[in-house]
Amino acid sequence: MKPIQMVDLQSQYKQLKTELDARVIRCIESGAFIQGPEVKSFEADLSTYLDGAHVIACANGTDALQIALMALNLEHGDEVIVPSFTFVASVEVIALLGLKPIVVDVDPRTFLMKTEDIEASLSPRTKAIIPVHLFGQCVNMKVLMGIAKSRDLYVIEDNAQSIGARCNITDDTKQMSGTIGHIGCTSFYPSKNLGCYGDGGAMFSRDEHLANKIKMLANHGMERRYYHDEIGVNSRLDSVQAAILNVKLPHLDQWNQKRRNAADQYDQQLAKIANVLVPARVPWSEHVFHQYTIRVTDGRRDELQKYLAEQKIPSMIYYPVPMHEQAAFSKLVRRRVPLVQTEKISKEVLSLPMHPDLTEDQISYICEHVGKFFTA
Ligand SMILES: *Cc1c(COP(=O)(O)O)cnc(C)c1O
């Protein structure tokens, strides 16, 4: 059995090595490093994959979220609703722009923000919601978009962990994750489901006006060279990263399917173990399993992690401290709902190895040792 890794970037590289090497070298030889043809063709192909949403590539997923918020013309002190159980970027950008993060709780079975908490968190200053499609499945966008529409709120989807997931927007219509709200933001950080070999990100929008504005903001607030209409930022996807993504994008669906197969096997083998809760799948969204995250309910999560490490099984805690308990944010974020589940699951979650090249043997070995820990 191959050594088990949390994410196996080497195996994936080996499978695509010939194509990747050739494309990267061709890009270097072309000398087009910034906004070259590789970036244009990646934006076009990703747009096709996303059923026609406009795509603007940028430097990373955090920038994508920041630029998306900048495009909404919000005012200092305006409020943005976001889950407290998330990666820091979702909340950080709100604070950086002088806006107020209003944090809500999550459903402990799915780790997704509770749409019931949105109504209770509204105020006259609420302007936007950032649903985070955490671990690979979508927040209930049918319900969330209904609330946003009735209150005239913007929706920015944090799609960094859910690229490729199809989500119901009505009972019988599905749409790609990240293309349902006003703006969707994603990351191509190497370990994401679609990752490059450095930093990368993108914003999606079906609204042409917003897409143009985002494009301008990501490029120093200029449309015409050296004429600056707004204060923007410099946030670009470089051509070498785009070349890598161009090779990888056609494989995304197949990789996501392999992640689901791995999750099925985990579910089957872990379901019987007392003190372990497997992640629940929602009926309204496909799951692309960016993470496979269990909950350890007997208070021994950290002990289990240590035991697994001794068996050469890596695992990670996503995320150990909710945003409202972080030193940088505890005084800054506001809450109008209790965050009971967030506080509880932060002490219970454990993400197990998950990537498309995980073998059946490896998953069985992992599950066997999880079982052994609780029966020993
Ligand atoms: C990875 C990630 C981001 C940020 O992406 P970077 O490219 O690392 O800046 C934002 N939100 C979530 C939920 C993420 O997982």
Side-chain angles (χ1 to χ4, degrees), residues 6-7 9 42 46 55-70 80-97 101 103-104 106 110-113 128-139 141 155-165 167 177-178 180-181 183-204 214 218 233-238 241-242 244-245 248 256 259 279 285 287-293 316-323 326 328-329 342 345-346 349 351 354-355:
M6 203 59 202
V7 175
L9 296 175
F42 176 63
L46 186 55
V55 172
I56 303 99
C58 67
N60 58 68
T62 308
D63 274 7
L65 288 163
Q66 181 180 329
I67 296 163
L69 277 174
M70 286 168 72
V80 181
I81 296 175
V82 64
S84 189
F85 188 72
T86 184
F87 177 62
V88 65
S90 335
V91 176
E92 187 176 45
V93 293
I94 302 172
L96 274 175
L97 293 172
V103 291
V104 298
V106 290
T110 62
F111 313 110
L112 297 173
M113 93 193 270
I129 312 171
I130 302 185
V132 181
H133 303 318
L134 201 71
F135 301 154
Q137 61 185 346
C138 293
V139 171
M141 291 305 283
V155 175
I156 296 176
E157 296 176 71
D158 184 339
N159 180 57
Q161 301 191 0
S162 62
I163 193 160
C167 176
S177 168
I180 304 160
I183 305 173
C185 297
T186 205
S187 163
F188 305 120
Y189 186 82
S191 63
K192 303 280 157 130
N193 290 33
L194 178 63
C196 57
Y197 292 163
D199 275 308
M203 295 151 285
F204 320 139
I214 287 165
V233 296
N234 171 21
S235 185
R236 295 182 288 236
L237 180 71
D238 71 68
Q241 300 307 334
I244 291 156
L245 291 165
K248 286 192 174 195
N256 283 344
R259 287 171 179 269
S285 170
H287 205 319
V288 294
F289 287 99
H290 176 61
Q291 298 297 343
Y292 185 88
T293 303
M316 296 288 279
I317 297 169
Y318 301 123
Y319 297 94
V321 183
M323 289 307 123
Q326 295 282 356
F329 297 103
T342 294
I345 64 172
S346 303
V349 286
S351 297
M354 175 51 81
H355 55 79

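Indexing begins at 1, ligand by ligand and atom by atom, following the structure's order. Because only heavy atoms are used, hydrogens play no part in the values below, and waters and symmetry mates are left out as well, while side chains stay in.
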Task: Heavy-atom nearest option to atom 7 (O) of ligand 1, drawn from G200, S187, A202 - done: S187
Open item on the list: Tell me whether F87 has any N or O atom under 3.5 angstrom from an N or O of ligand 1.
Closed with: no
Task: Residue and atom name of the nearest protein heavy atom (relative to atom 2 (C) of ligand 1), distance in Å to one decimal - done: K192 NZ, 2.5 Å
- [ ] May I ask you to decide if V288's main-chain N or O and N193's side chain share a donor-acceptor pair within less than 3.5 Å?
- [x] yes
Open item on the list: Show the nearest heavy-atom pair for residues T186 and N159, with the distance to one decimal.
Closed with: OG1-O, 3.2 Å
TODO: Around atom 9 (O) of ligand 1, find the nearest protein heavy atom and jot down its residue, atom name and distance.
DONE: T62 OG1, 2.5 Å
TODO: Output yes when a side-chain donor or acceptor of E157 lies under 3.5 Å from a complementary backbone atom of C185, and no otherwise.
DONE: no
Task: Backbone N/O of A165 and side chain of S177: donor-acceptor pair under 3.5 Å - done: no
Open item on the list: Would Q161 count as being in polar contact with ligand 1, using the rule that some N or O on each side must be under 3.5 angstrom apart?
Closed with: yes
Task: Closest non-hydrogen atom pair between V55 and A202, with its separation - done: CG1-CB, 4.3 Å
Task: V93 to T62 - nearest heavy-atom pair and separation - done: CG1-O, 3.5 Å
Task: Distance filter under 4.0 Å to N60 heavy atoms, resulting ligand 1 atoms - done: 7 (O), 9 (O)
Open item on the list: Given D199, D158, N159, V93, identify the one with the heavy atom nearest to atom 13 (C) of ligand 1.
Closed with: D158
Task: Per-atom contacts, ligand 1 versus A160 - under 4.0 Å to a heavy atom - done: 2 (C), 3 (C), 10 (C), 11 (N), 12 (C), 14 (C), 15 (O)
